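Below: one structure, written as structure tokens.
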Amino acid sequence: MNKIIKNWSFFRIIRLIAGIILIGVAIQMQLLIIAIFGTMIIIQALVNTTCCDSCNNGSCNTR
């Protein structure tokens with residue numbers, strides 16, 4: 001629960017807003033795939049993860 005409440009950065013807020021906008025567009029256009037994508041972005045914002053979250057601790061070798 002602390003992960004959801006604390007450490008809100010600028011990009012985390014942007015992800016939340018983008019997810020809400022995508023869900024609104026999906027409802028308006030009646031497209032399920034956009035709603036699923038918007039839900040994934042909102043979950044990432046709430047849990048404070050990204051698609052490449054395993055690389056944030058410095059253990060990711062990108063060479």
Side-chain angles (χ1 to χ4, degrees):
M1 189 65 166
N2 284 337
K3 201 172 191 181
I4 295 174
I5 297 172
K6 294 185 180 184
N7 298 329
W8 280 86
S9 66
F10 176 72
F11 289 109
R12 190 172 174 189
I13 294 169
I14 292 297
R15 279 195 305 262
L16 182 66
I17 292 170
I20 291 169
I21 289 171
L22 278 175
I23 288 181
V25 168
I27 291 171
Q28 186 178 24
M29 296 177 67
Q30 298 178 354
L31 292 173
L32 181 63
I33 192 72
I34 296 176
I36 292 170
F37 185 62
T39 303
M40 287 174 28
I41 292 176
I42 288 175
I43 290 171
Q44 285 181 348
L46 290 177
V47 183
N48 197 18
T49 60
T50 61
C51 295
C52 301
D53 198 40
S54 62
C55 295
N56 285 341
N57 60 7
S59 65
C60 186
N61 188 2
T62 57
R63 285 193 267 164

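Everything quoted here is computed from the prediction, not taken from an experiment. Because only heavy atoms are used, hydrogens play no part in the values below, and waters and symmetry mates are left out as well, while side chains stay in. Residue numbers start at 1 and run along the sequence shown.
- Phe37 and Ile33 fall within the same hydrophobic cluster, where Ile, Leu, Val, Met, Phe, Trp and Tyr residues are linked whenever their side-chain heavy atoms come under 4.5 Å apart, directly or through other members.
- Heavy-atom minimum distance, Arg12 versus Leu46: NH2-O, 2.8 Å.
- For the residue pair Arg15 and Ile41, the shortest heavy atom distance occurs at O-CG2, 3.0 Å.
- Remark: Ala35 pairs with Ala26 by the side chain to side chain contact (heavy atoms under 4.5 Å, CB included) rule, at least two apart or across chains.
- One finds the CD1 atom of Ile34 at 13.0 Å from the CD1 atom of Ile21 (value rounded to the nearest 0.5 Å).
- Every residue meeting the side chain to side chain contact (heavy atoms under 4.5 Å, CB included) condition with Ile27, not counting sequence neighbours, appears here in chain and number order: Ile23.
- Ile20 approaches Ile42 most closely through the heavy-atom pair N-CD1, 3.8 Å.
- For Ile14, the side chain to side chain contact (heavy atoms under 4.5 Å, CB included) partners two or more places apart in sequence, or in a different chain, are Phe10.
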